[in-house]
Structures are given as C-alpha cells and as structure tokens.
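Below is one structure. I have some questions about it.
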Amino acid sequence: MTNQSRFFYFKTMINKIEHIGIAVKNLEETEKMYKALFGKEAYKTEVVESEGVKTLFFQLGESKIELLEATNADSPIAKFLDKKGEGIHHIAYDVDDIEKEIERLKEEDFELIHQSPKLGADNKLIAFLHPKSTKGVLVELCQEKQS
Ligand code: ZN
C-alpha cells in the first residue's frame with residue numbers, strides 16, 4: 001500500500017460506533033428505566049419530523065444510546081415495532097466524510113436507503129444502508145455537521 005492510498009483509506013474510514021438506536025413504544029417510560037440503568041440524565045431530546053421519530057440521547061463515554069419513539073403510525077419506527085417489537089433498531093458509525101463513504105460503499109455493492117446524506121438528529125448528516133445488504137442489521141452512517 002502506498003502512502004497515498006493509506007491516506008485515502010484514512011480519510012474515508014468508519015471511525016467508531018457513534019451510537020446504538022433502540023426502538024421503544026413509550027419514550028417517557030423508557031427514559032426512566034435508562035436513567036436508573038446508567039445513573040445519569042439524557043442530554044438531549046429531539047423530534048425528527050421527516051423520519052416520524054422522537055429521539056432521546058444518553059452519552060456514555062464517546063458512545064451514545066439513542067432511544068426512538070414513533071410520532072405517527074407511518075413512521076419507520078412504528079413499522080419496526082409492529083414487526084419486531086422493542087429492541088435494537090440500528091447501529092450508527094461515525095465517518096469523516098459521509099459523501100465519500102456512500103460512494104465507497106456503493107462500489108462495494110451495499111444497498112443504500114439514502115443515496116445522499118440527509119439531516120438527522122443530534123446535528124448529524126446521516127444515511128442508512130439497507131439491512132438486506134448488511135446481514136439483517138440496519139446500519140447508519142453519520143457525520144458531525146459543520147456549523
Ligand atoms: Zn441513529
């Protein structure tokens with residue numbers, strides 16, 4: 001590997017697990033449970049209207065737990081809960097350059113739900129990979145939005 005290609009991989013790699021998304025029926029009730037489990041408060045709650053979700057975030061070291069409640073019956077979270085019940089909904093990976101990462105993963109034959117980044121919760125640009133191409137696990141790519 002040349003220095004140049006090493007640089008390329010460095011600039012396009014997946015850095016770490018940014019958060020784990022958990023689908024819940026009742027955000028308020030679940031918040032109490034996680035508050036007791038973690039011994040700390042959530043740091044943020046946010047509605048993402050375009051996704052039909054209300055979210056709540058807990059910070060744990062450099063990782064986060066995102067709780068997701070549906071805001072309407074057509075929400076992807078409502079559909080997930082109908083099909084699978086409460087539980088882990090997605091794993092989100094932090095990337096440096098989400099557009100480059102989308103292009104790279106398309107070339108690796110992954111199926112993208114979002115062909116270009118969209119605005120997600122917690123000031124992030126996000127894109128989801130279809131669980132069909134990731135062995136049943138919904139994968140979210142996210143990049144801190146430069147403000
Ligand atoms: Zn997420």
Side-chain angles (χ1 to χ4, degrees), residues 8-147:
F8 175 79
Y9 279 105
F10 172 72
K11 289 305 285 179
T12 59
M13 68 190 277
I14 284 175
N15 296 318
K16 62 172 184 182
I17 294 175
E18 213 281 333
H19 64 269
I20 294 174
I22 298 171
V24 306
K25 287 181 188 159
N26 184 318
L27 202 55
E28 215 173 298
E29 201 182 282
T30 312
E31 179 181 10
K32 281 185 206 146
M33 189 278 283
Y34 275 98
K35 238 163 93 173
L37 180 68
F38 297 149
K40 67 196 293 188
E41 304 272 347
Y43 72 92
K44 177 186 253 188
T45 182
E46 190 178 345
V47 173
V48 184
E49 213 55 76
S50 62
E51 287 290 299
V53 296
K54 187 172 179 192
T55 65
L56 189 80
F57 286 88
F58 286 91
Q59 182 88 43
L60 295 170
E62 65 170 18
S63 303
K64 297 163 190 163
I65 296 293
E66 174 186 34
L67 304 179
L68 302 137
E69 180 190 67
T71 56
N72 64 66
D74 294 324
S75 160
I77 295 302
K79 287 173 188 154
F80 179 89
L81 288 170
D82 280 348
K83 230 164 104 181
K84 298 191 171 170
E86 292 183 298
I88 293 177
H89 176 258
H90 65 270
I91 297 183
Y93 298 101
D94 177 72
V95 301
D96 290 327
D97 185 333
I98 194 165
E99 291 193 32
K100 268 191 195 168
E101 207 53 32
I102 287 171
E103 288 315 309
R104 184 181 74 82
L105 293 173
K106 273 190 209 165
E107 270 169 38
E108 297 282 358
D109 286 331
F110 287 96
E111 194 181 319
L112 276 292
I113 293 174
H114 305 111
Q115 303 303 312
S116 56
K118 50 169 292 188
L119 193 57
D122 204 26
N123 199 36
K124 300 272 194 254
L125 292 170
I126 64 162
F128 280 96
L129 273 66
H130 200 288
K132 266 197 301 207
S133 64
T134 49
K135 305 281 185 193
V137 177
L138 180 60
V139 169
E140 176 185 353
L141 306 174
C142 61
Q143 180 196 327
E144 194 83 39
K145 202 171 156 275
Q146 321 290 341
S147 45

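First listed ligand is number 1; within each ligand, the first listed atom is number 1.
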Open item on the list: Assess, by modelled atom type and distance only, whether the side chains of E66 and H90 contain a donor and an acceptor separated by less than 3.5 Å.
Closed with: yes
- [ ] Answer yes or no: is there an ion pair linking R104 with E107, defined by an N-O contact shorter than 4.0 Å?
- [x] no
Task: Distance below 2.8 Å from the Zn ion (ligand 1): protein N/O/S atoms - done: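 H19 NE2, E66 OE1, H90 NE2, E140 OE1, with waters left out.
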Open item on the list: Counting C-beta onward and ignoring hydrogens, is there a side-chain heavy-atom pair between I22 and T30 closer than 4.5 Å?
Closed with: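 No, their side chains stay 4.5 Å or more apart.
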Open item on the list: Among V24, L68, T55, which residue satisfies the side chain to side chain contact (heavy atoms under 4.5 Å, CB included) criterion with I77?
Closed with: L68
- [ ] Assess whether atom NZ of K124 is packed by more than 12 heavy atoms of other residues, nucleotides or ligands within 6.0 Å.
- [x] yes
Task: Any F128 side-chain heavy atom under 4.5 Å of T134 side chain - done: no
